Amino acid sequence: MRRLPEVIQPTTAISGSDARFPVRRIYCVGQNYAAHAREMGSDPDRKPPFFFTKPADAVVPSGSRLAYPSLTQDFQHEVELVLALGSGGERVAVADAAALIFGWGVGIDLTRRDLQAEAKKAGRPWDMAKGFDHSAPLAALTLGVPPRAGAIQLHVNGQMKQSGDLADMIWTVPEVIANLSTYVRLAPGDLIFTGTPSGVGPIRPGDTVQGRIDGADPIEVVFQSAS
Ligand code: MN
């Protein structure tokens, strides 16, 4: 028989450990902070959360030097609290949801905003706007459940571009997990990007992008200059 290809299991770092967290799936919540929903032209009421996905191998670690993505003139940053699940379930009750969490960290939901806008307008999928290569930088995970409140910020070349508070999430962490688990069975290794505060904006070739949340390891990635 022909030799089978070797497929690499995507993993992400755990703060203070040499162990690696295996990534199964990446789910993302859209518009989970009122100020960001408004800047995207939506009404930030408590409509049920909506979800999209990225491929598991979109995760890249802090310290990465990344190629600037193709096919975009409006490449943007979204700093987000990311949950890492240590156990799963379906139709999980809100009261039981926190028990699924292995750890949490700071991620950046990289977005080809122009492709997303075209997809929205045409009623087409977001995959190529959101799920491209290296589109999910993620810092080392902190074990346990994330704080309910705390600063979440993003800087580009040292300038603050996004600043919010975890307390301003429209859907709380347990509510996000519970709602997502009505659509799919969640499982160990799943990551959930929980939405971004306002201030999303462009990344240009050569930019250094840093994200941070109080109490977690920061994420920093650099985008290569155009060659
Ligand atoms: Mn996002």
Side-chain angles (χ1 to χ4, degrees), residues 12 23 25-44 46-60 62 66 69 72 74-85 104-120 124-139 146 150-156 160-173 175-177 179-180 183-184 190-203 207 209-213 216 218-219 221 223:
T12 197
V23 179
R25 293 182 183 171
I26 303 176
Y27 297 103
C28 304
V29 185
Q31 297 179 6
N32 199 26
Y33 291 75
H36 173 61
R38 273 188 227 106
E39 75 181 351
M40 296 305 290
S42 297
D43 177 14
R46 270 175 64 98
K47 280 183 290 230
F50 67 93
F51 301 96
F52 59 92
T53 63
K54 293 177 187 258
D57 70 351
V59 283
V60 288
S62 190
L66 301 175
T72 184
D74 192 11
F75 178 46
Q76 295 201 352
H77 53 76
E78 299 186 357
V79 65
E80 308 201 2
L81 166 66
V82 180
L83 310 172
L85 301 189
W104 59 284
V106 188
I108 306 174
D109 168 13
L110 293 172
T111 303
R112 294 195 276 211
R113 191 73 70 201
D114 42 0
L115 299 195
Q116 184 192 31
E118 284 168 25
K120 282 182 179 176
R124 288 181 179 155
W126 287 11
D127 300 51
M128 294 300 117
K130 288 287 198 177
F132 51 95
D133 295 342
H134 307 152
S135 58
L138 178 59
I152 175 169
Q153 296 182 335
L154 181 135
H155 291 72
V156 177
M160 190 168 19
K161 299 292 183 184
Q162 293 189 262
S163 181
D165 196 291
L166 299 180
D168 295 332
M169 290 172 66
I170 295 170
W171 296 92
T172 65
V173 161
E175 288 170 340
V176 165
I177 292 171
N179 193 284
L180 180 57
Y183 288 92
V184 287
D190 288 347
L191 300 179
I192 306 173
F193 281 62
T194 59
T196 194
S198 62
V200 301
I203 300 169
D207 281 352
V209 179
Q210 295 169 307
R212 62 174 77 127
I213 297 176
I219 178 81
V221 290
F223 292 89

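Just so we're clear, the structure is a prediction, and the values are computed from it rather than from any experiment. Counting starts at 1 for both ligands and their atoms, following the listed order.
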Item checked: Non-neighbouring partners of Lys54 that pass salt bridge (Lys or Arg N to Asp or Glu O under 4.0 Å), sequence neighbours left out -> Asp109
Next item on the list: Provide the closest heavy-atom pair for Ile152 versus Pro197 in the form atom of the first, atom of the second, distance.
Entry: CG2-CG, 4.0 Å
Check: Can we say Glu118 and Arg112 salt-bridge, meaning some charged N sits less than 4.0 Å from an Asp/Glu carboxylate O?
Finding: no
Check: Just by modelled atom types, is the Val200 backbone N or O under 3.5 Å from a matching donor or acceptor in the Glu78 side chain?
Finding: no
Item checked: Over all atoms of both residues, closest heavy-atom pair of Asn32 and Trp171 -> OD1-N, 2.8 Å
Next item on the list: Provide the protein N, O or S atoms situated under 2.8 Å from the Mn ion (ligand 1); waters are not included.
Entry: Glu78 OE1, Glu80 OE2, Asp109 OD2
Checklist line | Taking every non-hydrogen atom, the tightest pair across Gln31 and Ser42 | finding: OE1-OG, 2.9 Å
